[in-house]
Number of protein chains: 2
Amino acid sequence: MLDNTDSHILDELSKNSRITMKELGEKVHLTGPATSARVAKLEDSGIIEGYTIKVNQEKMGYSVHSIIHVYTKNTNHQPYLSFIKNHNQYVINNYKVSGESCYLLECKFQSNAILDEFLTGLSNFVSYKLSIVINK
Amino acid sequence: MLDNTDSHILDELSKNSRITMKELGEKVHLTGPATSARVAKLEDSGIIEGYTIKVNQEKMGYSVHSIIHVYTKNTNHQPYLSFIKNHNQYVINNYKVSGESCYLLECKFQSNAILDEFLTGLSNFVSYKLSIVINK
DNA sequence: GCTTTTTACTTTATTTATGAAAGGAGTTAG
DNA sequence: CTAACTCCTTTCATAAATAAAGTAAAAAGC
């Protein structure tokens, strides 16, 4: 399904998705058009879902990176899901998980004050445990 | 520091980082060279850290997405850190966190069998609690 | 076992984008 | 009032993308 050349292409595009097809071709020992065709195939198959950028959240003013373990009180999760939808500027990921908690909510905030405000709102709908990301 | 046009540029590049500077310029009402200069500035300032792709991990054969709460037994974390470095094909993120656990380890696996094998190895160094991501 | 089809590539030529250079308008500073 | 700076546009040379044609090897069909 995926040969070495394809893996190499994914690898290089992960490192720099704005590389030219010509340059990428040189790295994987193919011509520009051949590389372009390979990439188009990876897109069509859905393996490449899209092209994006890595943004430095610290420099964007989001210095607080937190993981919130969410425990829904009642069976209806909708109020919680609406709440985070209304605060999606803070949300990085919201995973529904098996295990102890119901959701694992990854968020970024400009300050502890704003985190505090968010948590105050959140506590209207669910219980939670807070972790702050220290590194990596 | 960051005006509306810059925000718009970041927004569009997040959606599609392979867009041409000309097209991106049309979206933000600027010419190609002007857009190109803006983007170069965002790169130089470190706000744009890089250009990458979103890969569909399911289609890559990684159907098991897990979050592992790691509790280090002793004060020396190095054995754990070495272990995950040696198994980095499975690792998506390894966050050092405040709160209950010491690390929050996000991993992908091809199967529960491989997850099991990973956990068996992991338990030589640390205690853990396992969560499996069900959605989103 | 030979032909046909398919796949994956290269080469060539055209279209299109990039990037450098020059210049203009508006803003700030002396 | 002038000078310097910022941010943009326009123009043009260069480079890349894309479409089309052709080739070679592997797979499928008879």
Side-chain angles (χ1 to χ4, degrees), chain A residues 1-63 88-90 108 110-111, chain B residues 1-63 88-90 108-111 114:
Chain A
M1 185 183 180
L2 223 77
D3 65 13
N4 280 345
T5 304
D6 288 326
S7 299
H8 197 172
I9 285 172
L10 291 178
D11 212 52
E12 291 297 334
L13 285 177
S14 294
K15 283 191 262 176
N16 176 18
S17 67
R18 272 194 79 86
I19 193 173
T20 64
M21 289 300 116
K22 188 167 173 264
E23 259 187 281
L24 180 57
E26 281 162 20
K27 283 179 189 285
V28 304
H29 309 299
L30 245 56
T31 59
T35 310
S36 191
R38 287 259 191 173
V39 171
K41 237 181 194 177
L42 290 167
E43 289 170 6
D44 293 343
S45 72
I47 286 172
I48 294 177
E49 288 185 325
Y51 299 89
T52 189
I53 51 173
K54 277 181 278 186
V55 173
N56 187 320
Q57 294 298 341
E58 298 260 338
K59 296 205 172 166
M60 292 291 285
Y62 291 94
S63 55
N88 70 337
Q89 72 165 131
Y90 304 126
K108 57 185 157 90
Q110 293 95 334
S111 67
Chain B
M1 183 184 180
L2 224 79
D3 64 13
N4 280 345
T5 303
D6 288 325
S7 299
H8 197 176
I9 285 172
L10 291 177
D11 211 56
E12 291 298 333
L13 286 177
S14 294
K15 284 192 259 176
N16 176 19
S17 66
R18 272 194 77 86
I19 193 172
T20 64
M21 288 302 115
K22 191 169 171 261
E23 261 186 279
L24 180 57
E26 282 163 19
K27 283 180 190 286
V28 304
H29 311 298
L30 244 57
T31 59
T35 311
S36 191
R38 288 259 191 172
V39 171
K41 236 180 194 177
L42 289 168
E43 290 170 5
D44 293 342
S45 72
I47 287 173
I48 294 178
E49 288 185 326
Y51 299 89
T52 187
I53 50 172
K54 277 181 275 187
V55 173
N56 186 320
Q57 294 298 341
E58 299 259 337
K59 296 206 171 164
M60 291 292 283
Y62 291 93
S63 56
N88 70 338
Q89 72 164 131
Y90 304 127
K108 58 186 158 95
F109 300 97
Q110 293 95 334
S111 67
I114 290 171

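Scope of the values below: all heavy atoms of this structure, side chains included, with no hydrogens, waters or symmetry mates. Chain identifiers are assigned alphabetically (A, B, ...) following the order of the sequence lines, protein sequences preceding nucleic acid strands; residue numbering begins at 1 within each chain.
Side-chain atoms of A:Ser63 do not come within 3.5 Å of backbone N or O of A:Glu58 as any donor-acceptor pair.
Atom pair A:Ile9:CD1 and C:dC9:C1' shows a separation of 13 Å (rounding to whole Å applied). Residue B:Asp3 contributes atom CG, which lies 15 Å from atom P of D:dT6 at whole-angstrom precision. Atom-to-atom, CG of A:Asn4 to P of C:dA8 comes out at 15 Å; the value is rounded to the nearest Å. For B:Glu26 and D:dC8, the CD to P distance is 16 Å, given to the nearest whole Å. Residue A:Arg38 contributes atom CZ, which lies 18 Å from atom P of D:dT18 at whole-angstrom precision. The separation between B:Asp44 atom CG and D:dT6 atom P is 14 Å, rounded to whole Å. One can place CD1 of A:Ile19 at 17 Å from C1' of C:dA17, the figure rounded to the nearest angstrom. Look at CD on B:Glu23: it is 11 Å from P on D:dT18, rounded to the nearest Å.
The B:Leu30 side chain lies nearest to D:dC8 when the options are C:dT18, D:dC8, D:dT11. Comparing D:dT18, C:dT18, D:dT9 by their nearest atom to the side chain of B:Thr20 picks out C:dT18. The B:Lys22 side chain lies nearest to C:dT18 when the options are C:dA20, C:dT18, D:dA16. With D:dT9, D:dA17, C:dT10 as the choices, the nucleotide that has an atom nearest any side-chain atom of B:Arg18 turns out to be D:dA17.
Screening A:Gln57, A:Gln89, A:Met60 against A:Gln110 for a side chain to side chain contact (heavy atoms under 4.5 Å, CB included) leaves a single residue, A:Gln89.
Residue B:Lys41 places none of its side-chain N or O atoms closer than 4.0 Å to OP1 or OP2 of D:dT6. Phosphate proximity of D:dT18 to A:Ser36: present, with a side-chain N or O under 4.0 Å from OP1 or OP2. One finds no side-chain N or O of B:Thr31 lying less than 4.0 angstrom from the OP1 or OP2 phosphate oxygen of D:dC8.
Using a 4.5 Å heavy-atom threshold, the side chains of A:Thr52 and A:Ser17 count as separate. Residues B:Val39 and B:Leu24 have side chains in contact (heavy-atom distance under 4.5 Å, counting atoms from C-beta outward).
When each of A:Thr35 and B:Met21 is assigned the nucleotide of DNA chain C with its nearest heavy atom, A:Thr35 is the one assigned upstream, toward the 5' end.
Classification of the B:Phe109-B:Tyr90 ring pair by plane angle, with boundaries at 30° and 60°, yields tilted.
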